[in-house]
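Accompanying notes for the structure given below.
All ligand and atom numbering here is 1-based and tracks the order in the structure.
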Amino acid sequence: MNVLVTGGRGYIGRAVAHGLAEAGHTVVSFDMAPLVGEKPRAASSIRQVVGDVRDEPALTRTLQDHAVDAVVHLAGKIVVSESVAEPLPYWDHNVGGGIALLKAMLAANVRQMVFSSSAAVYGAVAAEPIPEHHRRDPLSPYGRTKLTMEWMLEDLDRVGAVHYVALRYFNAAGAVPGVTVERHQPETHLIPNALAAAASGPPLKIFGSDYDTGDGTAMRDYVHVGDLADAHRLALDHLAQGGASMALNVATGLGYTVAEVVASLERALGQPVPTVAADRRPGDPPLLIGRGTAIREQLGWVPAHPDLDDITASAVAANRP
Ligand code: UDP
């Protein structure tokens, strides 16, 4: 198939684009990031279009020029705390961009979308691991933009305009050698911050040591970025075979605390990660673990790297000079 990947040059987008190309799809990446200074990558077969996901005419042209059959939509703004302080750009990029893309898809007669949603759609969690039918009541503007996109897709599916799989990501982590390494600007994520602390300091701030999780630090469901990418490939196959629209957690069902992640990184590095206790980060839930059974049943997704030590080892190896 010819597949458009929006946000194809981000941390997760690179893994998705590469995985689809490896599976034999023709991939077009549509991303705002300029191409200057980029080294050729392993999957150099990926066609690169530089553009803004709110630019409907550019999207329509791209879909038509490349005879696109299906879209994987990852482009968007992703920092939860920033969305609280400055909500409007989140609505603009994540929902405005989603509407522009859906209009372009209808204009170009492209009817299938795999959408990058988030565990942030759930909000205050009543049961762990979280099942897909859990109440959706997001706590942040970021989560609300993701939920709004899910609602829009549900409405379009109901009238047969677009069929979709919304993948609710838990914590993407780790690296795919030569393809993607976790790096954001600004960096807020645990593993890159811990690796930076190990390399040269300052020490890693551990946000909260008084959670009810055993060792007191917050617990998350870490999914290897290569496994996460694979879920997109399977979701596209599902839609191509006429499968029903649905929302699925991309989760292992296993939880690891911040202290366990740090200890695992220390094993992979063979050196300590300097840490300092800090206050809880506003908006952080104590634990966030997804029920991962529906995606196995519906798509046959089986994570190749559910083990935390595999995930941290891949991050450490990719960051070695
Ligand atoms: N965390 C931390 N120090 C950091 C970054 C993150 O203690 O420098 C904690 C954070 O509070 C959360 C977990 O690590 O409990 C995972 O955070 P991350 O930002 O990687 O992902 P999130 O769960 O917020 O999407």
Quick one: side-chain contact (heavy atoms from CB on, under 4.5 Å) partners of Pro272, sequence neighbours excluded?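 Applying side-chain contact (heavy atoms from CB on, under 4.5 Å) to Pro272 gives Glu266.
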Heavy-atom pair with the smallest gap, counting every atom of Thr217 and Val258: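 Nearest heavy atoms, Thr217 then Val258: OG1-N, 3.3 Å.
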Pairs under 3.5 angstrom only: tabulate donor-acceptor contacts from the side chains of residues 21-32 to other protein residues two or more places apart or in another chain.
| unit_1 | atom_1 | unit_2 | atom_2 | d |
| --- | --- | --- | --- | --- |
| His25 | ND1 | Met1 | N | 3.2 |
| Ser29 | OG | Gln48 | OE1 | 3.3 |
| Asp31 | OD1 | Ala33 | N | 2.8 |
| Asp31 | OD2 | Gly8 | N | 3.3 |
| Asp31 | OD2 | Arg9 | N | 2.8 |

Between Tyr222 and His305 (judged by ring centroids, cut-off 6.0 Å), do the two rings come close enough to count as a pair?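 Ring-ring flag for Tyr222/His305: false, centres at least 6.0 Å apart.
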By the rule that ILVMFWY residues connect when side-chain heavy atoms come within less than 4.5 angstrom, directly or transitively, which residues belong alongside Tyr122?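 For the cluster that includes Tyr122, the remaining residues are Val121, Val125, Ile130, Leu147, Trp151, Phe170, Leu288.
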Please list, by chain and number, the protein residues whose heavy atoms come under 4.0 Å of ligand 1.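 Within 4.0 Å of ligand 1, the protein residues are Asn171, Thr188, His189, Leu190, Asn193, Leu204, Lys205, Ile206, Phe207, Ala218, Arg220, Tyr222, Val258, Arg281, Asp284.
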State, with a plain yes or no, whether a side-chain heavy atom of Leu153 is found less than 4.5 Å away from one of Val162.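 A side-chain contact under 4.5 Å exists here.
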